Q: 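Sharing a structure below in structure tokens format, with a few things to ask.
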Amino acid sequence: MSYYADVILPLNIENLLTYSLSEEMRHQCQIGSRVAVPLGKKKLYTAVVVNIHQNQPLHYEAKPVKEVLDHYPILSINQLKLFKWVKKYYLSSFGLILKACLPNALLIQSETLLQLNDKISYKKQNLSDDEYLLLEAVEKHTQIKMSDAQKILGKTSGLKVANKLISRDLISIDRHIRRKYKPKLKTYIRINKTYETTENLKTLLNNLGRAHKQKEVVLHYFKLMGKSTKPLSKQNFKSQIDASDSVLNSLIDKGVFEEFSIQQDRIKNSKITTANHFSLSTPQREVFETIKSHFNSDDVVLFKGVTSSGKTEIYLKLIKEYLEKQQQILYLLPEIALTTQLIQRIKSQFADKVFVYHSKYSANERVEIYRHVLNADSGQIIVGTRSSIFLPFKNLKLVIVDESHENSYKQYDPSPRYHARDTAVVLASIHRAKVLMGSATPSLESFYNVKEGKFKYVELNKRFGDVKPPVIKTIDLKDKYKRKKMKGHFSDTLVERITETLSKGKQIIVFQNRRGYSPIIECLTCGHSPQCPHCDVSLTLHKTNNTLRCHYCGYRMAVQNKCLSCGSQDLSSMGFGTEQIEHEAKDLFPKANVKRIDLDTTRGKYDFENLIAGFENLEIDILIGTQMLTKGLDFRNVDLVAVMHADGLFNFPNFRAFEKSYQLLTQVAGRAGRTKTQGEVLIQTFQPQHRVIQDVITENYTNLYEQEMAQRLHFHYPPYYRIIKLVFKSKDYNRLNEAADWMGIYLKQIFSKNILGPEFPGIARIRNKYIKHIIVKIPPEQSITKTKSYLIKGIERYKAVSKFKSVRLNVDVDPYT
DNA sequence: AGCACGCCGACT
DNA sequence: GTCGGCGTGCTC
Ligand SMILES: [Zn+2]
Ligand SMILES: [Zn+2]
């Protein structure tokens, strides 16, 4: 009897495919091993074995596995369990889950590029002839396609040999796409401490004698330091002195000036103050002990800690205990919160036990970490973004989900559309691990789980050390506009407070959750406003390069000074974004260094890190930004946070709009006064009495929770009801309507009033594709599994209708919107 | 994901 | 007539 292997291919294929195994291969390969298999006409794919059996397929002849790539599994049984859950719960396919799980470099295909690694000469010994041949080919061409390697060595051994070379670190794939991620550090200049006294300085100037230029440079330095105490970057200093680089460099060589970089300094500091022996405050210790005692009886704990309460120290203490027991810990963070700041802090505690898993890292680095986790033989702390829940943990005992309210834990495209917070709970239960969810503003779902007794709860309402909560005040825009107290979008009060803060040498954060200059340009004569030709949205004005842009498809056109419809020149802009605020702030505060941080100013690889560093180093006085600057960043010198237009947050067509507004405003407010001086938060709004704003001011999460939950219950929304969203997309408007209507009728027959739609979403067309939604609401008493099986049946029937073939259907379980 | 297959408009 | 663009189906 011959043997067969069921494999997952990293493609969107519904079923597992079965290949035959030779006797030899059967012994080489295990469940979880990678194999090379032929698919379709000629291509070889990397697949993963999930089942080995002797049942010959009845209706087709199984093709043979070409090659066993791993003699030991790279996918564990526990990962397969998680795959099964994700497939069933999120209605996805194994292939796409596998793709989300394995680093691409483990799934090489014919089109993959092979490239030479640096510094390989010392590893070149003991290569087989084939390995040598391939390495030579790569060396000669610097990069070749996998298919070329297969031409040289034959289909099978090409793949095998390439894999060997990759595992020996000689070649790698896709290196040009993601370079090693290393934020650049700016060099700063300061005078050697000994010359800070007048006396020593005099001696120095005397000693410099004939070196006039050097004297000048030293004097210029003191002149600058007299004006401002901000750190001086080397680059900036060089541009100001009228001398060649060698002058400054020889002063540095003599030890008169010293170079330093601020980030490194901070790490050093944190090593001295925190490494190994930091201790928790009494309230922190209480929380720590409560979490541990909860873990004795329960699996999931929700930890609500106000901003600046020192949540991270508690996590670190917990991590330490698990590491000492040689166990694995997963520390999940939203992408924006996974900053170098935080990584350094964790590394200063746990050094080489720390592994960071992040999409910014290169393909090879990710493979390396994947293998480290797979082969762990001692404790590990894995810090990662949502996809790290798919890593091959062996001995996972604790999962921390930080900022657990963050919606970026929910993946949308591509499928699997999983929520990493919820999947983490399943992951933990597979491993019999504990879960700690942290947030200053927990999601209603999590808090509801506490009320239902599913999660345990602990809170920390005291800020760490002497930090006082920021004072939050509203500014009534209606009144300010009526009394003509506005300068652009800044009220007089705000201008006053900013000026005052600047004069104290403190920093300001200005929040406006919309990028660009202005979202709509309207003709005052005929009312026309320029629309995107591919999407149903109006174009946003970007003054920086005088373009009108679509934020959905990227379409851009030059700014028109006449109305495109009637030719009138009477155009007016409506609404405002960060760019406009930046312009106004530069006018209002000409002496301040104003910078903007949003998607448009952070396109480059290091832009984000550089802006954050600039702000931390006190180079930037006023930082204007979107929600990008709300997450976890720890700015020590910020005294004032301004929200330009809170009302913009409430009007999103989304049942979570208020919850999200509360979270955003609270997080933004948390950026103010993270040290001993009490921070101030000014919220400009047309509705100062809005209940969400009032809850933010009084830190009244309970009230927000109760009010929101009443709404959710009344309108049948989560957490009471579950939601599944069906998204239909098509270029053909009529087909789309027909298809969505068909499904709507089918579902209404089963679920009647618990079906919403089909209806067009707020933006009915993106990239020339029309969109329609159907919402399936699942009442608390209705079985989710049953509902899904009805849904799957419906989708199967739908897919059998040939005229709907051109209409794409996506299923989103527990959608965010 | 590819790649073949088939349908429809444009062009030798 | 047929060349080739794209939309659709299938892969063990
Ligand atoms: Zn007009
Ligand atoms: Zn568009």
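Below, chains carry the letters A, B, ... as their sequence lines are ordered, and counting in each starts from 1. Keep in mind it's a predicted model, so treat the numbers as computed, not measured.
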Q: Rounded to the Å, how far apart are A/Asn12 CG and C/dT11 P?
A: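 Answer to the nearest Å: 15 Å.
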Q: Whole angstroms only, please: what is the CD1-P distance between A/Ile52 and C/dC12?
A: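 A/Ile52 atom CD1 is separated from C/dC12 atom P by 19 Å.
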Q: Round to a whole Å and report the spacing from NE2 of A/His53 to C1' of C/dC12.
A: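 Taking atom C1' of C/dC12 as the reference, NE2 of A/His53 is at 10 Å.
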Q: Between atom CG in A/Leu11 and atom C1' in C/dC12, what is the gap in whole Å?
A: 12 Å
Q: At under 4.0 Å, does any side-chain N or O of A/Lys805 touch on OP1 or OP2 of C/dG7?
A: no
Q: Do A/Arg386 and A/Tyr409 meet the cation-pi criteria used here (NZ or CZ under 6.0 Å from the six-membered ring centre, within 45° of the axis)?
A: no
Q: Figure out the NZ/P separation between A/Lys66 and C/dC12, and round it to whole Å.
A: 12 Å
Q: Please name all residues satisfying side chain to side chain contact (heavy atoms under 4.5 Å, CB included) with A/Thr787, sequence neighbours left out, ordered by chain then number.
A: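 Applying side chain to side chain contact (heavy atoms under 4.5 Å, CB included) to A/Thr787 gives A/Phe751, A/Val776, A/Ile778, A/Gln782.
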Q: With heavy atoms under 4.0 Å as the rule, sort A/Ile13 into base, sugar-phosphate or nothing.
A: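 It contacts base atoms.
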Q: Specify the separation, in whole Å, of atom NZ of A/Lys63 and atom P of C/dT11.
A: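 Rounded to whole Å, this separation is 10 Å.
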Q: Scan side-chain atoms only and decide if A/His551 and A/His542 contain a donor-acceptor pair under the 3.5 Å cut-off.
A: yes
Q: Base, sugar-phosphate alone, or nothing: which one does A/Thr18 contact when heavy atoms must sit under 4.0 Å apart?
A: base
Q: Any salt bridge (Lys or Arg N to Asp or Glu O under 4.0 Å) involving residues 802-817 of chain A? Give me the pairs, sequence neighbours left out, ordered by first then second residue.
A: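 Residue pairs passing salt bridge (Lys or Arg N to Asp or Glu O under 4.0 Å), neighbours aside: A/Lys410-A/Asp812, A/Arg722-A/Asp814, A/Glu738-A/Lys803.
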Q: Give the rounded distance in Å between these two atoms: CZ of A/Phe804 and P of C/dG9.
A: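 Computing the A/Phe804:CZ to C/dG9:P distance gives 14 Å.
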Q: Ignoring hydrogens and angles, answer whether the base of C/dC12 and the side-chain atoms of A/Tyr60 contain a donor-acceptor pair closer than 3.5 Å.
A: yes
Q: How many whole angstroms separate atom CG of A/Leu16 from atom C1' of C/dC12?
A: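 Taking atom C1' of C/dC12 as the reference, CG of A/Leu16 is at 10 Å.
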Q: Where the side chain of A/Lys731 is defined as all heavy atoms beyond and including C-beta, which of B/dA1, C/dC12, C/dG7 is the nearest nucleotide?
A: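 Output: C/dG7.
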Q: Think A/Lys772 forms a cation-pi with A/Phe728, using NZ or CZ under 6.0 Å from the six-ring centre and within 45 degrees of its axis?
A: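 Geometry flag: not set, cation outside 6.0 Å or 45°.
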Q: Does A/Tyr45 put a side-chain nitrogen or oxygen below 4.0 Å from OP1 or OP2 of C/dT11?
A: no
